[in-house]
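Please read all numbers here as calculations on a predicted model, not as lab measurements.
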Amino acid sequence: MAQSLLAHVPADTLPAHIGIIMDGNGRWATKRGLPRSAGHKQGADTFSKIARHCREIGIPFLTAYAFSTENWRRPADEVGEIMGLLRRYLKDTKLHQDENARICFLGDREPLADDIKEMMEQVEHESAHRTGITINLALNYGGRDEIIHAVRRLSAQCASGEFKPEDIDEDLLSRQLYTAGQPDPDLIIRPSGEMRTSNFLLWQSAYSELVFMDVLWPDFTPAHLDHAILEYLNRTRRFGGI
Ligand code: FPP
């Protein structure tokens with residue numbers, strides 16, 4: 001492993017779950033006179049490096065925002081380029097094998113192309129037994145959409161008499177989310193200088209520490225991740241207490 005700034009940090013103080021909003025790909029490409037797709041390609045490579053680093057420093061859960069429910073509004077050719085990158089990524093038969101990573105997908109798969117859905121199922125199936133790190137890829141993901149799906153399922157269960165409306169609590173709702181069974185993100189990082197969370201892990205981020213960084217995602221390095229974690233470690237988390 002390259003020297004990490006976190007070498008002396010006790011493992012049990014590290015975030016159990018890091019979320020990343022991979023932003024700034026388009027600007028990275030435009031600054032270089034390249035098509036936006038070149039930024040997404042570089043962004044995908046950056047993701048692989050950061051996933052490896054997370055595994056090396058001992059982060060158990062990593063979630064990356066790859067495509068939002070709102071990203072369909074982009075020009076069709078850009079959506080097509082991102083889907084093409086995803087195909088190439090998912091086709092890798094050794095995908096995150098070196099990280100011993102279990103790969104999960106968060107989001108509504110229904111509108112995705114059939115071949116992508118099939119590849120997602122295969123990747124999930126083939127990586128299900130791995131224990132090094134869990135990598136969640138948020139694909140056609142929206143926090144509001146996720147909550148609506150959860151509410152619909154709970155309503156159906158209420159209607160069929162499985163439980164009463166007053167039985168619904170945070171735990172019951174959490175169990176209907178794409179992240180069911182996983183810890184909430186301790187730390188959410190957004191590079192590119194934008195200071196918003198854009199419908200990412202809306203429910204799960206209630207007490208996440210947010211770190212906004214002035215670097216475009218394709219330029220993001222393991223050292224940037226370490227700096228974000230160091231900032232997280234300097235925060236006092238009170239979860240509403242004192
Ligand atoms: C945001 O940057 C990025 C996206 C909407 C797409 C992210 C997708 C990838 C990194 C590729 C797919 C990922 C994997 C892991 C295969 P932006 O385009 O909004 O940037 P801008 O704000 O500079 O325009």
What's the spacing between [X] [atom1] and [Y] [atom2] if we round to 0.5 Å?
X	Y	atom1	atom2	result
His53	Leu6	NE2	CG	6.0 Å
Cys104	Met120	SG	CE	10.5 Å
Thr221	Asp226	OG1	CG	8.0 Å
Ile147	Gln204	CD1	CD	7.5 Å
Tyr232	Leu225	OH	CG	12.5 Å
Asp115	Lys91	CG	NZ	8.5 Å

If every non-hydrogen atom of [X] is compared with every non-hydrogen atom of [Y], which pair is closest and at what distance?
X	Y	answer
Arg102	Ala128	CD-O, 3.7 Å
Phe105	Leu90	CZ-CD2, 3.6 Å
Ile57	Leu14	O-CD1, 3.2 Å
Gly43	Asn25	CA-OD1, 4.0 Å
Ala228	Ile189	CB-CD1, 3.6 Å
Arg87	Ala113	NH2-CB, 3.6 Å

Under a 4.0 Å threshold between the charged nitrogen and the carboxylate oxygen, would [Y] count as salt-bridged to [X]?
X	Y	value
Arg175	Asp171	yes
Lys117	Glu121	no
Arg52	Asp98	no
Glu166	Lys164	no

Using 30° and 60° as the class boundaries, would you call the ring planes of Tyr65 and Tyr141 parallel, tilted or perpendicular?
perpendicular
Taking it one step at a time, do Leu95 and Ser127 satisfy side-chain contact (heavy atoms from CB on, under 4.5 Å)?
CA-CA 9 Å; Leu95 187 63; Ser127 69; over 6 Å; no
Phe47 and Leu137: CA distance, side-chain angles, deciding distance, side-chain contact (heavy atoms from CB on, under 4.5 Å) verdict:
CA-CA 10 Å; Phe47 176 67; Leu137 214 56; 4.0 Å; yes
Donor-acceptor side-chain pairing of [X] and [Y] below 3.5 angstrom:
X	Y	answer
Ser192	Trp217	no
His224	Asp219	no
Thr131	Asn100	yes
Asn140	Trp72	yes

Check: Thr63 side chain, Gly19 main-chain N or O, donor-acceptor pair, under 3.5 Å
no
Can a donor-acceptor pair be found, under 3.5 Å and without considering hydrogens, that links the side chain of Arg32 to the backbone of Trp28?
yes
Could you go through His17 and Asn136, starting from their C-alpha distance and side-chain angles, then the distance that decides it, and tell me whether this counts as side-chain contact (heavy atoms from CB on, under 4.5 Å)?
CA-CA 10 Å; His17 186 171; Asn136 295 321; 4.1 Å; yes
If you group Ile, Leu, Val, Met, Phe, Trp and Tyr by side-chain heavy-atom gaps below 4.5 Å, do [X] and [Y] land in one group?
X	Y	answer
Ile21	Tyr178	yes
Ile229	Leu201	no
Val215	Ile18	yes
Leu86	Met119	yes
Leu62	Leu177	no

Using a cut-off of 6.0 Å, state whether more than 12 heavy atoms not belonging to [X] lie near its atom [atom1].
X	atom1	answer
His125	NE2	no
Gln122	CD	no
Tyr207	OH	no
Arg238	CZ	no
Arg109	CZ	yes

Hey, mind stepping through Thr134 and Gln182 against side-chain contact (heavy atoms from CB on, under 4.5 Å) and telling me if it holds?
CA-CA 9 Å; Thr134 296; Gln182 300 190 10; 3.9 Å; yes
Tell me, do [X] and [Y] make a side-chain contact under 4.5 Å, heavy atoms counted?
X	Y	answer
Ile168	Cys158	yes
Arg27	Lys31	no
Gln176	His149	no
Ser208	Asp184	no
His96	Val123	no
Arg196	Arg190	yes
Asn71	Ile82	no
Glu78	His40	yes

Proximity of His227 and Phe220 rings by center, below 6.0 Å
no
